[in-house]
Amino acid sequence: MISENQAPQNLHKNESIKSASNFLRGTILEGLSDLTSGDISADDSQLTKFHGIYLQDDRDVRSERRKQKLDKAYSFMARVGIPGGVCNAEQWIVMDNLSRDYSNGTLKLTTRQAFQLHGIIKSNLKHSIRVINDALMTTLCACGDVNRNVMCNPNPHLSSVHADAQATAEAISKHLMPATRAYHEIWLDEKKVAESGGEEVEPIYGKTYLPRKFKIAVAVPPSNDVDVFAHCLGFIAIVESDKIVGYNVSVGGGLGMTHGNEATFPRLADVIAFCTPEQAVDVAEKIVTIQRDHGDRSNRAHARFKYTVEDKGADWIRSELERRIGYTLENPRKFLFESNGDRYGWHQGQDGNWHLNLFVEGGRVIDLPDFPLKTGLRKIAEIHTGEFRLTANQNLIIANITPEQKPAIEVLVSEYKLNPGEHVSGLRRNSIACVALPTCGLALAESERYLPKLIDELETVIEEAGLRNDDITIRSTGCPNGCGRPYLGEIGLVGKAPGKYNLYLGAGFAGERLNKLYRASVKNTELKDLLAPIIRDYAQKRKDGERFGEFVIREGYVQATNAGNEFHHNVAG
Ligand code: SRM
Ligand code: SF4
């Protein structure tokens, strides 16, 4: 029996767009060849998301152009998903070239270990996508109602453990890629399936794909840098004698919500079972099919897997999973996360190779007059034989540097003033800001362009309070969708309107607890004064080892949020 939210008459319009799209083709090809306008049709712009491509416009000039009766300044954002954030030096150079030649001159390292190129105009789009594919990367499934870029802890200091975790992330990613050849036909000029007499099937997704986006992460305790509990599906590595013996499986995390709609809320995942490394791909596939069959296809604000888990219960999900895989899973094993931040600076792996975790503010790789970050990284790429690894905190690891190569890289780090995080305050090095304005069509307020300025102001407070080197997580977003995972910041800022933010406090430092609203609609000019006394209070009264997020709860600034469904409420007692 199909449920009400799957009944044909109740389906959201995106379901019919997907269904009529002929496996994600729509009229994208025709739209691309029409160069009389810079955009594509509304339906196609839903479909290009599955191809990792968003139609955007420059919001800085939107009102001026409206006054002048001009079209919006359209361009495209392309997102390149690389499982676990791992790419090689040649691939970095390809991305660097594309950003210089066809986009806005910058690279954005995202909170899901992907690259974003902003500002590609329509006539350059196809060529850019082809260049990305020629370099053995893809934009396919970086967005859309499918499984997205699979995240994984990228710091290979425990070389063999990380190699195994990465292999799991890559295997899941590969297995959950859609089968449609639409992408190859449209962007890579492959022969049309219809012409070659073939017939298409989507064995995992079916022709309407998932009700909504789906996200997976692999975490390696004690680091929760990937924020595994914010994911639809998580795999938490259980390590014994330097070997991954299996994964705890977590389900039902997700952060997006809508201001003023309490039926929407961020939710952290429940840990439901333990699986062996060999079972992980099967578990991932079957969880995806549970969401395919039971997710809400009528209301996109209730369509994420977190609501399926919330409504049906974690126990039901586990038994349905076991029914679908055909065997029983073990109960979860013990694990401990210590932080959801990055390990900055130089670290040597078990195999003797070195890894340098650099701080990249807001994930924006750009050349500034006094800080030529982009050129510095390119120079490194020109000599580096290891990898570039994008972190879930929008930072970058130059990974697998041989001991012989280390001195040459050190010279470049110092010549280009690259930042291994040592001179940065504990607040700044634990900051995340989503893109927001001017490219994000959903932004209600600034984020990436604002957070560094707020941190400048707050640094005067933390300096005076003697907290310069203390790690405190601060995360901001320009709207409640949660792209910078703000509900997992000890301090979280969520855009409400231009210059106004909801201020949240009290998340767990290891990403184990959501924060809680402290003040709504605070003007940006008032944020420093609102936070300063709390920061000073923390400096004076904190207990040994007590984190800022714990302190604000103990001192009663906010109540603890122990479950997503109490995010909007204070609980009596
Ligand atoms: Fe996100 C939509 C940027 C991570 C939740 N996100 C968007 C769009 C595409 C806006 C749009 O739909 O038009 C943003 C593009 C802005 C731009 O100009 O580039 C955007 N999201 C980002 C990135 C680039 C933020 C960043 O600064 O790093 C991150 C790209 C990740 C990637 O590489 O795949 C990004 N987005 C996230 C995360 C964090 C995560 O996944 O760990 C979340 C919260 C976790 C979650 O999904 O629950 C997130 N993005 C959303 C949502 C809300 C989803 C929901 O459940 O309600 C939207 C809007 C939507 O889907 O309707 C959204
Ligand atoms: Fe845009 Fe909102 Fe995501 Fe920020 S959180 S990138 S403003 S959708």
Side-chain angles (χ1 to χ4, degrees), residues 54 56 59 77 79 108-114 116 118 143 148 151 213 215 226-227 229-231 253-261 264-268 301 304 306 340-341 360-364 391-395 427-428 430-455 458 472-508 511 513-524 527 530-531 549 561 564 567-568:
Y54 273 78
Q56 300 188 318
R59 294 186 57 187
M77 178 270 276
R79 188 181 286 164
K108 171 84 180 182
L109 313 183
T110 76
T111 52
R112 298 195 61 74
Q113 303 178 292
Q116 278 189 187
H118 290 104
C143 319
R148 304 289 188 90
M151 291 172 67
K213 57 177 72 166
K215 298 185 173 177
V226 295
D227 266 328
F229 301 122
H231 283 76
L255 298 183
M257 62 158 202
T258 310
H259 285 313
N261 177 0
T264 64
F265 48 86
R267 182 182 194 282
L268 295 191
R304 294 293 300 274
K306 65 178 173 182
N340 60 0
V360 181
E361 191 152 31
R364 186 65 65 177
T391 83
N393 287 289
Q394 302 175 315
N395 294 311
L427 190 63
R428 196 179 297 270
N430 286 288
S431 63
I432 293 184
C434 78
V435 184
L437 293 163
T439 51
C440 179
L442 306 177
L444 305 171
E446 295 281 353
S447 177
E448 188 189 321
R449 297 193 295 197
Y450 170 60
L451 188 63
K453 294 179 198 154
L454 175 67
I455 295 177
L458 291 174
I472 299 174
T473 54
I474 179 165
R475 295 173 168 193
S476 87
T477 54
C479 85
N481 280 324
C483 302
R485 297 189 290 271
Y487 312 113
L488 286 168
E490 293 179 291
I491 302 173
L493 296 160
V494 175
K496 194 79 193 293
K500 285 193 182 160
Y501 297 85
N502 279 0
L503 174 62
Y504 295 84
L505 298 176
R513 181 182 59 244
L514 293 164
N515 51 22
K516 179 78 93 199
L517 183 64
Y518 175 64
R519 289 283 184 283
S521 293
V522 185
K523 285 195 190 127
N524 51 11
L527 275 167
L530 195 59
L531 281 165
T561 300
F567 179 75
H568 297 293

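Values below: every heavy atom of this structure, side chains too, minus hydrogens, waters and symmetry copies. Sequential numbering from 1 along the given sequence is applied to the chain's residues.
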Are side-chain N/O atoms of [X] and [Y] paired as donor and acceptor at under 3.5 Å?
| X | Y | answer |
| --- | --- | --- |
| Thr477 | Ser447 | no |
| His231 | Arg148 | no |
| Ser521 | Lys500 | no |

Taking C-beta and beyond as the side chain, do [X] and [Y] meet within less than 4.5 Å on heavy atoms?
| X | Y | answer |
| --- | --- | --- |
| His259 | Cys479 | no |
| Asn340 | Asn430 | no |
| Leu451 | Ser431 | yes |
| Phe229 | Arg267 | no |
| Leu527 | Leu458 | no |
| His568 | Phe265 | yes |
| Asn481 | Thr258 | no |
| Ser476 | Tyr450 | no |

Checking [X] side chain against [Y] main chain: does a donor-acceptor pair fall under 3.5 Å?
| X | Y | result |
| --- | --- | --- |
| Gln394 | Ala433 | yes |
| Arg112 | Ala392 | no |
| Arg364 | Leu109 | no |
| Lys108 | Gly362 | yes |
| Asn395 | Val360 | yes |
| Thr561 | Phe567 | no |
| Tyr501 | Glu446 | yes |
| Lys306 | Gly256 | yes |

Report the C-alpha separation of Leu493 and Leu454 in whole Å, then their side-chain angles, then the decisive distance to 0.1 Å, and conclude whether the side-chain contact (heavy atoms from CB on, under 4.5 Å) test is met. CA-CA 11 Å; Leu493 296 160; Leu454 175 67; 3.4 Å; yes
Residue pair [X] / [Y]: nearest heavy atoms and the distance that separates them:
| X | Y | value |
| --- | --- | --- |
| Lys213 | Arg304 | O-NE, 3.3 Å |
| Thr111 | Cys483 | OG1-O, 2.9 Å |
| Ala445 | Gly499 | CB-N, 4.3 Å |
| Cys143 | Arg79 | SG-NH1, 3.6 Å |
| Ile432 | Asn393 | CD1-OD1, 3.3 Å |
| Cys434 | Gly484 | CB-N, 3.9 Å |

How long is the gap from CG on Leu514 to CG on Leu255, to the nearest 0.5 Å? 7.0 Å
Distance (rounded to the nearest 0.5 Å) between Ile474 CD1 and Arg428 CZ: 10.0 Å
For Arg519, which residues count as a side-chain contact (heavy atoms from CB on, under 4.5 Å) partner, sequence neighbours excluded? Val522, Leu530
Residue pair Leu503, Val494: steps toward the side-chain contact (heavy atoms from CB on, under 4.5 Å) verdict: CA-CA 7 Å; Leu503 174 62; Val494 175; over 6 Å; no
Mind telling me whether Tyr487 and Tyr504 have parallel, tilted or perpendicular rings, with 30° and 60° as the class edges? perpendicular
Which residue pairs satisfy the salt bridge (Lys or Arg N to Asp or Glu O under 4.0 Å) criterion with at least one member in residues 475-494, sequence neighbours excluded? Asp227-Arg475, Asp227-Arg485
Applying side-chain contact (heavy atoms from CB on, under 4.5 Å) to Leu505 and Asn515, what does each step give before you reach the verdict? CA-CA 5 Å; Leu505 298 176; Asn515 51 22; 5.6 Å; no
Start with the C-alpha gap between Arg59 and Thr439, add the side-chain angles, then the distance that decides, and say whether side-chain contact (heavy atoms from CB on, under 4.5 Å) holds. CA-CA 6 Å; Arg59 294 186 57 187; Thr439 51; over 6 Å; no
